[in-house]
Chemist: 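Here it is, the structure in full.
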Amino acid sequence: VCHTFPQVVTPNVTFPAGDGSARPLVLRNVGASSVAARVFISLRVSTAAGSSYSGVEVSSVEAVALGGFNLSAAAVEVQKGRTTTVWVAPSAPPDQDVTVYLQSSNASVVVCSPSVFFFAGSLQARAVAVSHRSAGAATLSLAASSASGNYRGGRAWPRASSS
């Protein structure tokens, strides 16, 4: 297995003669890909001469690693009747403009800004307001939406509580 960006966790996969069962190939992403820094994974087949797989070539596959988010806090406490701010920033520059939709798992405890927007190429953090409603705990979920590129579907989950 050859790679241009991900860390290969299982660099070799072996298929004994006569065994055609699937084998896992594990890759761990060590960063986010982008249009400017594309990631390709190629496979190389090594076998005995005369084997039916001798000389077989496998086409490279592009791997688009989805970006993630950096949060100013993993947990947030909001005092009664108050609002606090959590900062959200992309972990890698977005290829395309990205809207991040936010939601509280328990809107009776805390409510948050419905969305934040990141321009393509920007790592600038955006403020998310988290407001107290009643005592308890909730999880804020973030889901990215982009037409294409490295942020279609990125997620993060900070925890929020109020008292």
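Side-chain atoms are counted along with the backbone in the values below, which use heavy atoms only and exclude waters and symmetry mates. Note that the structure is predicted; figures quoted are calculated from it, not measured.
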Chemist: By side-chain hydrogen bond (donor to acceptor under 3.5 Å, both in side chains), which residues pair with Ser131, not counting sequence neighbours?
Modeler: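 Once residues adjacent in sequence are excluded, the partners of Ser131 under the side-chain hydrogen bond (donor to acceptor under 3.5 Å, both in side chains) criterion are Thr83.
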Chemist: Please report, to 0.1 Å, the donor-acceptor pairs under 3.5 Å made by any side chain of residues 102-111, with sequence neighbours excluded.
Modeler:
{"from": "Ser104", "atom 1": "OG", "to": "Asn106", "atom 2": "N", "distance (Å)": "3.1"}
{"from": "Ser104", "atom 1": "OG", "to": "Asn106", "atom 2": "O", "distance (Å)": "3.2"}
{"from": "Ser104", "atom 1": "OG", "to": "Val110", "atom 2": "O", "distance (Å)": "2.9"}
{"from": "Ser105", "atom 1": "OG", "to": "Thr139", "atom 2": "N", "distance (Å)": "2.8"}
{"from": "Ser105", "atom 1": "OG", "to": "Thr139", "atom 2": "O", "distance (Å)": "3.4"}
{"from": "Asn106", "atom 1": "OD1", "to": "Ser108", "atom 2": "N", "distance (Å)": "3.1"}
{"from": "Asn106", "atom 1": "OD1", "to": "Ser108", "atom 2": "OG", "distance (Å)": "2.5"}

Chemist: Suppose we screen for side-chain hydrogen bond (donor to acceptor under 3.5 Å, both in side chains). Which residues come up paired with Thr99, at least two apart in sequence or across chains?
Modeler: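 Here no residue qualifies.
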Chemist: With sequence neighbours excluded, what pairs up with Thr47 under the side-chain hydrogen bond (donor to acceptor under 3.5 Å, both in side chains) test?
Modeler: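 Result, side-chain hydrogen bond (donor to acceptor under 3.5 Å, both in side chains) vs Thr47: Ser51.
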Chemist: Do Leu142 and Val116 come within less than 4.5 Å of each other through their side chains, counting heavy atoms only?
Modeler: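 They are not in side-chain contact.
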Chemist: By side chain to side chain contact (heavy atoms under 4.5 Å, CB included), which residues pair with Asp97, not counting sequence neighbours?
Modeler: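 Only Phe117, Phe119, Ala120 meet the side chain to side chain contact (heavy atoms under 4.5 Å, CB included) criterion with Asp97.
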Chemist: When you measure from the side chain of His132 to the backbone of Val78, do you find a donor-acceptor pair of N or O atoms at a distance under 3.5 Å?
Modeler: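 Flag not set: sc His132 to bb Val78 has no pair under 3.5 Å.
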Chemist: Mind checking what makes ring-ring contact (aromatic ring centres under 6.0 Å, His included) contact with Tyr101, not counting sequence neighbours?
Modeler: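 With neighbours one apart ignored, the set is empty.
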Chemist: Please find the pair of heavy atoms, one from Pro90 and one from Tyr151, that lie closest to each other, and give the distance.
Modeler: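 For Pro90 versus Tyr151, the nearest heavy atoms are CB-OH, 3.3 Å.
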Chemist: If I compare all heavy atoms of Leu123 with all of Ala92, which pair ends up nearest, and what's the gap?
Modeler: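 Heavy-atom minimum between the residues: CD2-C, 3.5 Å.
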Chemist: For a quick test of reading the model, state the closest non-hydrogen atom pair linking Thr85 to Ala127 and the distance between them.
Modeler: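 Looking at all heavy atoms of both residues, the shortest contact is CG2-CB, 3.7 Å.
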